[in-house]
Structure formats: C-alpha cells, structure tokens
Amino acid sequence: MVTPFVWMLLTSVKSLGEASQVPPVIIPPTFHWDNYAKAIVSLPFMTFYFNTSFTTLAKVVGQLLFCSMASFAFARLRFPGRDAIFMISLSVLMIPGQVYIIPQYLIMKDFHWLNTLAALIVPGLFSVFGTFLLRQFFMTIPKELEEAATLDGCSYFGIYWRIMLPLSKSGLTALAIMTILWSWNDLLWPLIVNKSLTKMTLSAGLAYLQGEHFTNYPVLMAGSILAIWPMIVMFILFQRSFIEGIALTGTKG
Amino acid sequence: MESQGVVSPSPHIHATTHKRSNLARSQWLWGYLMIAPFFLGLLGFYIWPIIQTFYFSFTKWEAFNTYSWAGLDNYKRLVQDVSLLHALRNTVTYVVMFVPMSIILSIIVATLLNQKIRGLAIYRTLFFLPVVTMPAAVAMVWKWLYNGDYGLINYVLSLFAIKAQNWLTDPKWALFAIVVVAVWSSIGNNMIIFLSGLQGISSSYYEAASIDGAGPFRKFYVITLPLLTPTIFFVTVISLIGAFQVFDLIYMMIGSKSLMVENTQSVVYLFYKYAFENNDKGYASAVGIFLLVIIMLITAVQMKLQKKWVHYE
Amino acid sequence: MKKMLISMLAITTVIAAAGCSSSPNETAPAQGQGNATSTETVELSFSSWGGSAYKETNDLLIQAFTAKHPNIKIKIEDTPNKQYWQKMEAAASGENLPDVFWMNGPRFASYAANGMLQPLDDLIKQDKVDLNNYPESLVKLYNYNGKQYAIPKDFDTIGVWYNKALFDAKGVPYPDGSWNWDQFVDTAKKLTDPAKGVWGVAAALDSQGGYYNTIYQSGGSVISDDKKKSGYDSPEGIAGIKFWTDLINVHKVSPTLAQMTDTEPLDMFQSGKVAMLWEGSWNATTFAKNDYLKDKVDVAPLPKNKQQSVVIHGLGYAMSAKSQHPKEAWELLKFLGSKEAMDIHAKTGVAIPAYNGTQDTWVKSFPNMKLQIFIDEVKYAKPYPVSKYTSKWSSLEPEILNKAWAGQVSAKEAAKQLAAKMNEALAAEK
C-alpha cells in the first residue's frame, strides 16, 4: 500500500544512472538532492503552490457561501418555482463534465479569462453537490429554532447566518474538505484553460514536467513529492475532518 | 410562517392578511436573492454550456474556432468511428475490471478495520494516503514501478523467477495495469464510506446471530452484506459514473506515441484529443453527448435493478 | 443585511482580483494609440516555447532590446511546446495573439492563410531589412502567396550524436561522416551488447530526427512539391521507413518500441544505454550540461543512402496582424532578426542562428563537439515537409507507423496506410 510512496522518495534522490540499474539500487550511496533543484528550475513551483492554494481557497470560500445560501433557501424558504429550480440543478449532477467542458472553455476564451486564475476559480464556485449536501443538513435542523428566532424579530438572512450556519459546522467542514481535495488534485480543467507556466496549477505542472523530462524519473519523482506533500501534511493534521467528511457524503448520499 | 393571531376580530383581519402577504413576499425576495449567485452561476457556466454542446454536436469546426452547421454528419461519423468503438470497448473493460475489484477490496478492508485493533488510525491513514495524492503524481510513480526494464515490480518478480512483463506496453496487461492503480487509489475513499455504513448496522443483529451459533463468515453473509447493500448501491453508482469518465490516469500513464494508445484510451481521452488537440470541437461535442447517453442508460438500469438486490430497512 | 452585503462584496472582490491581477497576457494594454510617442511606455507580449534552455538567451535578448528602446517593455510568455499551439489557436480565434511570437514551418501556412499574421513586405522594404542575410530556403518557408510573414530565427539539422566511451569500450573507431547505411548498421551491431543492456542506436519513432531524413536519403520526399500527394507509399518512402523498422526487428541493434516508450531515447542516450542517437542540433546545450554525457558526447553527419540528405527546419519570428502596437512590435521583430540578436543565440548555444555569418560563434560554443557538421549539412539539406494544415496528417504519423515499429505490420503496409490517410487530409485542404 505504501510501497509506491516509499519508492517515490527513494527514487527522487537517485541519479538517472542509479535509477535505471538492474538490479535496482534500493538506497543510493549519496543522496542526489539536485534532482529537486532540477525540478524547481524547470518549473516555477512556488508559483504553482500559490496558484493552487489561492484558487482552492477562493473556491472553498465561494462554494461555502453560495451553496449554503442556496441550500438554506431551498430547505427553508418558500417561493414559486423553488422545487423546479432545485430539480433542474440536481439534474446537472447527472451530466458528465465532458458535456459542458468545451463551451465552458469557449466562454473563458470570450471573457479573455484563458490563462488567468479567474478561469480556474469561477466555474468551480458553483457546486450542485455542495448545495445538495448542505440542504440535507439544513433540513435536519429543527424548525422550532427558526420559529423562535422569527418571534425575536430575526430576518431570514439572520436565521441563515446566526442559526443555520453555526449548527451545520460538520456539513460545512465536510464540503470544505471535499472541495479542497478536488480542487487541489484537479487535472483536466487546469490542463485545458491554463497553458502558461505562471498560471498553472500543481497537477498541470506535473504533467508538463513529464513532458520536459520524459522519463528522467528521479527528477519526476522529486517534482511529484514537491507537488503532493502539502495535501498529505494537511491530511495528517486534519485526519478526523477528512474522514468524517467522506463518511458524511456517503451517508447523506 | 403563520402570524400568531389565528382568530381575530374583523378590524384586525385586514392587518393580519396584509402582514402575511408581506411575509410571503419577503420570503420570495430572500429566496430568490439567496439562490441567485448559485443558480445564476449554474445557468451561465453549466446549463447554458450543456445546451451549447448539444448545438455544437451538429456543427463542423474549422481552423481557429470557426464553425458551421453540419447537420447529422458528426453522428454519422460517430457510428462509423473505429477509434471510438475501441475507446468504448476499452472503457467498458476498464469499468468491468475496476468497479467490482474496488468495491470488493474496499468492503474487505473496511470490515477488517471495523474492529478494535491497535493502530487502527495508522492503518486508516495509510490506506487513505493515495486518495489525497494527486492522480498526476500517482500516475508517475506507478509508471516508474511498471517500467519494463528498470521497474521495481519486474525486479521483485524476478526474485521469484517470474518473467518480467511490459506492464504498460503489452496489450495483454496495459489496461489491467491501469486498473490496479485506480483501485489502489480508490480503496481509501470507498473504505471510509463502507466503514460508516458498517457502523450503522446495529450490533443487536450480531448478538442475536452469536446466540444462534453463527460463525464470523456466516454473520458476514447473512447480516453484514444484506444490510450493507444500500451503501454498496450508492458506491457502485458513483464508481460507475466516475469510472466511465476515466481520463487522468490514462492520459498520464500512456504517452501519445505509445503503441498502447488504441488499446487503452478511454472515451474521455478520445474526447479530449478531438476537442483540444485536433480542434475538432463539433465532433467532440457529439462524442460528449454519446457519453452522456451511455451514462444515463447505465444509471437508469441500475436504478431499476436496485429493487432486486438492495435491502432497505 | 450589513453582513450579507459585506460578504457579497468580499466575494466579488476575490473574483475581480483574480480576474484583474492576471490582466491581459496576450495583448498589450490599450493605453497607447497605434502610434505611441517615444515617451510613453508600451508593453509588448512575446511568446516562445524555449523552456528552461532559453531562459538565459531570452533574458539577454530582452536586455539588449530594452537598452535600445527604453520605452518598450517586453513581457515574455514561455509556454511548454506541447501546449504552445493550443494556446496560440485559442488566442488567434479570440484576436488575442501576442505581438511577436515564435512560428514554425508546419503551422505557418494555416496562420498566414487565415490572416492571423501581419505581412512584413512593406516594413522590410521601408527599413531596408536584407533578406539575403538568411538562407534562402528558410526565407521561402515563411513566404505565403508571395508575401513574407516571418523573419527566420534559426535553423536546425540532424546529426548522429554518439557516446565516445561506448565506442572506446568496443574498440570501434569514431564515425567520420563518410559512412552509408550498411556501414552505419555494422557500427551499431558492433556496439550492441545485450548482456550489458547497451544498444547501438535507439531507433526512435521520430519524424524530424528520423524518417524524414531517411526518406530524403533514399531519393524520395514526404510530400509532393505541389502539396497534393503523399510520398510515403513510394518505394523511396517505404525504404526510408524500413531503415528504422529493420534496425529494431531485423538487425536487433535498437531497443524495442515498448522499451522506448517506457524510457525515452533521449534518456537512454543520456544514461549510457544507447551508443548513437539521430537527433537535432538543438540538443547541444542539453548534452553539454548533462553530467554523465558532457565529456563523452560528440556528433557525426548522417550516413548516406542513395544520396546524402538531411531535413532542415528553422523557426521564425512572426507578428500578430491585430497587434495594438504594430510599430513597436516591428521594432522588436526587426531586432530579433538582427545580427546582434543572432550573436546572442550563437553565444548561448541554444540554436544555430539563421543570420549568415553568425553560425561560427555557435560552432565554437561547445568546442568538444564537432558542431560544424550541422552547418556543413546545409548544403545538401531538404526542406521540412509542410502543407496548409500540416498537423492534420502529421499527427497521424506516429499513430499509424508505430505498428511497423512494433513489428506488427511491415513497413510497406504502414507506409501505404499512412499515405492513404495523408492524401485524404491533403485533399480536404482548400
């Protein structure tokens, strides 16, 4: 299970010659840290970190806000067309990404958003999955709390902000974690919209690294380690929340 | 939201109905306002594009993103496209190998981890690591492990006097090799879902079974599995939909010059090639619609079949 | 109410910031009118796919240019080769092309024909740019319908790079360039040592480095002069392909296609697993910087068959037809084509500059390699095969030929298949 990771680490410090020896050199006599240097020189990893983190953060904030607002409205407010709109939104979930990715790309082109961080962020702000998940949460919050709040003169927004949100912490956390994970690792969309090195994300950058160094595995492995360690560290620190989040999506699904 | 005064003397009726409709209108306003960012975004970036793709599937694209109406040409081409047929075959093979393997292994792992063993958290973490690792990196390290001449896997096999295989360049193995990587990446995710499903099974069932003298295997077959079927159903549906759209791993592990491209490219890989490498966006849109129809069919079939095997309490 | 407004504001600012901070990459800001005065700062965008090899060169070029034109700022956009054309395509259709950018032969006609490039003839005449300073074949490459659309940047030819250490180990004399195909195969046989995991040559599935050359050497050509017919199914074309498939399947002096997919030929060469590699002149810098290879590598001219031949290609600098700052863009283009810019190329050794007379500096940039052979080959060089929409058929080459490389079909079979498809694509070009 863990062998690939161990092997990744070991290979990243070998020279190309050592890596391609048969039988393989398991632990090299000297550690070739210059593989990491080569990877960093080929690719602006710092920029990648920034791009990926910034866009992920923006998407998480956006989704939490937009989805929770919409979920609240769907769950608790009554207005004409509410259920129809919800059904339409739900049907989008059924549609595979390939059916909307080309026009999405063209829209980005027309907005002159190609090769900008906006292209990475904006479509990712709207998640049916997130809205659906949070709606399930909101529906489980007892109505009495709401009614008490209205008596106290609380506005709808106030109910949303002061009561629903705080009570749905686990749901919000789950959504945040899922979004972080998905956004960090996303490959297809960043590959399509951002071809400039300065606007690439980590995963697209890795794909490019493979293009530059073909099969120079020590450098490729070094690059991979550089790309994945933030998420792994994050996971180890926030294990509980990660796992709860995944479990939640399963049970509420 | 009903006003508090239900029965009031007539001078107040006007006031309450006025208050009620004000309240109702206020709900409408807030309702629309709060769904606006989400739904408008959805409309603009998802729903409208979906409609556009339907339209584009009837167009022919030339250089520099100019296009013209082409009627049913793309669909005619679609049914004759050998590459697409192969891609579909590859995708189906992939799905048929991946989904059962992933689910069975995840259930087994989840069941094993559902006991109070020492270091449970560590095992959980280890199994989950692949899930948080980006597919691009996963693909690269496995490509290296699979390397025909210098890969670790062939070396280990040679220690047992098993002949080395060209995992990624031999038609016998290529797709299977990719499935293995996909399963490895997915066990952690599915295992968590199954774990929570398992924990939802009331222990009273197991106690009753123990009293009847049932052993662990029997308990598994008679209690665990049937009660787990809703979760299994959920994971199967999600996995199937995801598996049909496989792209990342194949794109990263099979280079464009590899002999194995025809043998492994999935429908989405082909779609990507047509849309963004060959600039054949009209035809690619038709392929996208094609994929949509297939996925809907499969999901519909699953929904119908669920009555036969899914056990809801 | 207030809280909601604040959060709405926050979100809009995030989006706006993301959108605005990455402001127009491809077009210069429209602050200038068409003819900017020399005191206003103008920003030009310049695109290349040089990668890390060109970092030093591009920096020096920009420095030299801005020294002469302090009011013009250059924004370099370097895109990986694989993605460069997708990016340009999107930019072109959005009328957003960079002001000045790298152009190559295969893509040139489609851009010129669709009005994406600025014709340069008037500017050339006006500023007395002498096109005789560049090899004629290169100038012609970037001429469409009688109009000149790009200025040559560099040229590259192909040579047989070899590993002296591996030659020494087998007691084989270094190639002097007078060899023919048979002698080449013999040399490769002597160098192949399966026990040590070393092969004589890596018969890569490579057009520019491989079969384009051997087809010319057999007396054939990949595409007819009128660009209407494929040359793959001619006897010469087949012979050119068969040279490579035989290396793998008959003479067994090369790794198999499967092995070369797992490990790229370049990496094999750079780790001492193959003794010879047919590759371009542009690898000089990379090989010179490779720790293992730098003291072992040298290069020889290609072996001949019926005749000596090599495919020559060169990049060009082109200008967007819709540039917001055509005057400044032309200044940059002019500079890039000048002797001074070419000297920088030669000194840093990244490419053989196109300007006649500057090549010597390039040759001397890595004295331990016989780089002169690349220049010498020009006298029998043939043009890189292109058509109006080259990529429509060139993308099929690896897809169809790889079966011959793998020994699943004969070279003749594959070549015929490819020719059929290529002819289809050529017929569709209007």
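Letters A, B, ... are given to chains in the order of the sequence lines, protein chains preceding strands, and every chain is numbered from 1. Computed from a prediction, not measured in an experiment: that's the story for all the values here.
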With a 4.5 Å cut-off on side-chain heavy atoms, are A/T11 and B/V141 touching?
no
Please state whether the side chain, the backbone, both or neither of A/S91 comes within less than 4.5 Å of a heavy atom of chain B.
neither
Report the distance from atom CG of A/L191 to atom CG of B/D248, rounding to the nearest 0.5 Å.
9.0 Å
Please flag which part of B/L126 lies under 4.5 Å from any non-hydrogen atom of chain A: side chain, backbone, both or neither.
both
Please report the closest heavy-atom contact between B/W28 and A/R78, naming both atoms and the distance.
CD1-O, 3.4 Å
Report yes if the side chains of B/T125 and A/F235 come closer than 4.5 Å at any heavy-atom pair, otherwise no.
yes
Given that the side chain runs from C-beta out, which part of A/I95 has a heavy atom under 4.5 Å from chain B: side chain, backbone, both or neither?
both
From B/M134 CE over to A/S203 OG, what is the distance, rounded to the nearest 0.5 angstrom?
5.0 Å
Between B/G288, B/A275, B/P49, B/G242, who has the most heavy-atom pairs with chain A when the cutoff is under 4.5 Å?
B/P49
If you tally heavy-atom pairs under 4.5 Å against chain A, which of B/G151, B/P130, B/S158, B/G41 wins?
B/G41
Given A/Y100, which partner from the list B/F45, B/W48, B/Y46, B/F56 fulfils the ring pair (Phe, Tyr, Trp, His ring centres under 6.0 Å) test?
B/Y46
Which atoms of B/V237 are under 4.5 Å from chain A, going by heavy atoms: the side chain, the backbone, both sets, or neither?
neither
Close side-chain approach of B/P135 to A/N185, heavy-atom, < 4.5 Å:
yes
Does any backbone or side-chain atom of B/Y55 lie under 4.5 Å from a heavy atom of chain A? Answer side chain, backbone, both or neither.
neither
State, with a plain yes or no, whether a side-chain heavy atom of B/W144 is found less than 4.5 Å away from one of A/P4.
no
Closest approach of A/A207 to B/M252 (non-hydrogen atoms, all atoms of both residues)
CB-SD, 3.8 Å
For the CZ atom of A/F66 and the CG atom of B/L42, what is their distance to the nearest 0.5 Å?
12.5 Å
Minimum heavy-atom distance B/V132-A/M231, with the two atoms named:
O-CG, 3.3 Å
Looking only at heavy atoms, the pair that brings B/Q245 and A/G97 closest together is OE1-N, 3.8 Å
Mind checking whether A/L106 and B/Q52 have side chains closer than 4.5 Å, heavy atoms only?
no
Is the ring pair B/F38/A/F74 parallel, tilted or perpendicular, if the boundaries are 30 and 60 degrees?
perpendicular
Can you tell me which portion of A/M234 sits under 4.5 Å from chain B's heavy atoms? Options are side chain, backbone, both or neither.
neither
Euclidean distance, A/T3 OG1 relative to B/L145 CG, rounded to 0.5 Å
8.0 Å
Part of A/I180 within contact of chain B (heavy atom distance under 4.5 Å)
neither
Test item: B/K143 and A/Y217 side chains (from C-beta on) under 4.5 Å apart, heavy atoms:
yes
Engaged part of A/L206 at the chain B interface, taking heavy atoms whose separation is under 4.5 Å:
both
Side chain / backbone / both / neither for A/I228 at chain B, heavy atoms under 4.5 Å:
side chain
Please look at B/L292 and chain A and tell me whether the side chain, the backbone, both or neither of the residue comes under 4.5 angstrom of a heavy atom of that chain.
both
Under 4.5 Å heavy-atom distance to chain A, tell me which part of B/Y272 shows up: side chain, backbone, both or neither.
side chain
Can you find a pair of side-chain heavy atoms, one from A/V99 and one from B/L291, that are under 4.5 Å apart?
no
Counting only heavy atoms closer than 4.5 Å, note whether A/I85 contacts chain B via side chain, backbone, both or neither.
both
Just so I understand: if I count every heavy-atom pair under 4.5 Å between each of A/P80, A/S71, A/A73 and chain B, which residue has the most?
A/P80
Hey, does A/Q98 have a side-chain heavy atom less than 4.5 Å from the side chain of B/F247?
no
So for A/T131, is it side chain, backbone, both, or neither that comes closer than 4.5 Å to the heavy atoms of chain B?
side chain
Let's go through A/V92 and B/I47 carefully: what are the C-alpha distance in whole Å and the side-chain angles of both, what is the deciding distance for side chain to side chain contact (heavy atoms under 4.5 Å, CB included) to 0.1 Å, and is it a yes or a no?
CA-CA 7 Å; A/V92 172; B/I47 300 186; 3.8 Å; yes
Would you mind checking which part of A/M221 comes under 4.5 Å of any heavy atom in chain B, side chain (CB onward), backbone (N, CA, C, O), both or neither?
side chain
Which one of A/S68, A/A227, A/S89, A/A204 has the most heavy-atom pairs closer than 4.5 Å to chain B?
A/S89
With a 4.5 angstrom heavy-atom cut-off, is it the side chain or the backbone of A/R82 that approaches chain B, or both, or neither?
neither
Distance col, row A/I101:CD1 vs B/K281:NZ, nearest 0.5 angstrom, shows 11.5 Å
